[in-house]
Amino acid sequence: MPSSIRRTLHSSSRGFRMRDQLTLFGVPDTEPTVVNVASVPHRSPFRYPGGKTWLVPRARQWLKSRPSRPAVLVEPFGGGAIIGLTAVFEELVDRLLLVELDENVAAVWKTVLSGGANALAERILEFDVTHENVKEVLGQRYECISDRAFQTILRNRMQHGGIMARGASLIKNGENGKGLRSRWYASTLARRLRDIDRIRDRITFVAGDGLEVVRQHIGRTDAVFFIDPPYTVGGSSGKRAGTRLYAHFELDHRELFKLASQAKGDVLLTYDDAPDVRQLAVEQSLTFKPIAMKNTHHAKMTELLIGKNLAWLD
């Protein structure tokens, strides 16, 4: 890919302005309404950097636009699974096929979806959040899946921004200066886990390679694919947030876009708005549209929604 396009949306220091990016490839510089995430039901036990709660209303739009209810929603980069969970809870799809490569995140989904949700919920409710107790749990090397699941949720809640990659530090002040306890919503977490337990017979979990699972289902006309990889397109000159946020951050983006274009069912991808991403979409005859959103610091940003046909967004 030409080095001339290896610059991201936010590379204003290199002379690439927001308006230049939003009009690239003929996409109009629009200002869509930013979703109020407080109005969206939070179904996931995770809090994620780059979480997609803001996208839930758009995902509803997308799934409701289908001529018939999809038999399965394939989410090959599961993470917190907010879109997939919402789709199942609101009966927008029959089933969810959730895939996650990270073994720690996978431990949570394996535990919750194999009947261990209630035990995990009780453990969360009973845990005494002190700095010493948190450090003790996070310092262990657990072999038991349920122990690793608890440790992962604790790490997700107690480290800055929900970042679970190595090197992330514990929060200090927390909300309203209350430190670690301010991020441990035990009753809320327990309720979410028990709610998921009630629909677990409609969720299949695979611990493995998301691209391979997409290949396995690429010929299904009754499947749809929600694709939100925790990786950023671009070389050393580009924005590489994924390298510090996630344990697994390498991905063949060109292959992913190729698979998306070949899928018999509909696809919806979400990516950082960058020239590289737009170029990949153009190469595979996929359409895209910039959508306004807010990050965890309430800064207004733009992401790209990419698909075969985005007429439902109009």
In short, Arg148 meets Tyr142 closest at the heavy-atom pair NH2-O, 3.2 Å
Work out which heavy atom in Thr111 is nearest to a heavy atom in Ala149; give both atom names and the distance. OG1-CB, 3.5 Å
When the ring planes of Trp62 and Phe226 are compared, do they come out parallel, tilted or perpendicular, using 30° and 60° as the limits? tilted
Run through Asp273, Val282, Val277, Leu269 and flag the one making a side-chain contact (heavy atoms from CB on, under 4.5 Å) with Phe288. Val282
When you check the gap from the basic side-chain N to the acidic O, do Lys64 and Glu90 get nearer than 4.0 Å? no
For residues Arg192 and Ser44, report the shortest heavy-atom separation together with the two atoms involved. NH1-O, 2.8 Å
Check whether any side-chain heavy atom of Thr204 sits under 4.5 Å from a side-chain heavy atom of Val72, and report yes or no. no
Any donor-acceptor N/O pair, Gln151 side chain to Gln140 backbone, under 3.5 Å: yes
Within the 4.5 Å heavy-atom criterion, are Val134 and Trp184 side-chain neighbours or not? no
Rounded distance [0.5 Å steps], CH2 in Trp312 versus CG in Leu63: 8.5 Å
Do Glu283 and Arg254 have side-chain heavy atoms sitting under 4.5 Å apart? yes
Counting distance only, does the side-chain N/O of Asp272 pair as donor-acceptor with the main-chain N or O of Ala274 below 3.5 Å? no
If only atom types and distance count, is the side chain of Arg200 paired as donor or acceptor with the main-chain N or O of Val112 below 3.5 Å? no
Between Thr270 and Ile306, is any pair of side-chain heavy atoms under 4.5 Å apart? no
Under-4.0 Å salt bridge between Lys52 and Glu303: yes
Output yes when Asp147 and Arg123 qualify as a salt bridge under the 4.0 Å nitrogen-oxygen rule, no when they do not. yes
Salt bridge Arg194-Glu122, side-chain N to carboxylate O under 4.0 Å: yes
Over 60° means perpendicular and under 30° means parallel, so tell me whether Phe46 and Trp109 are parallel, tilted or perpendicular. tilted
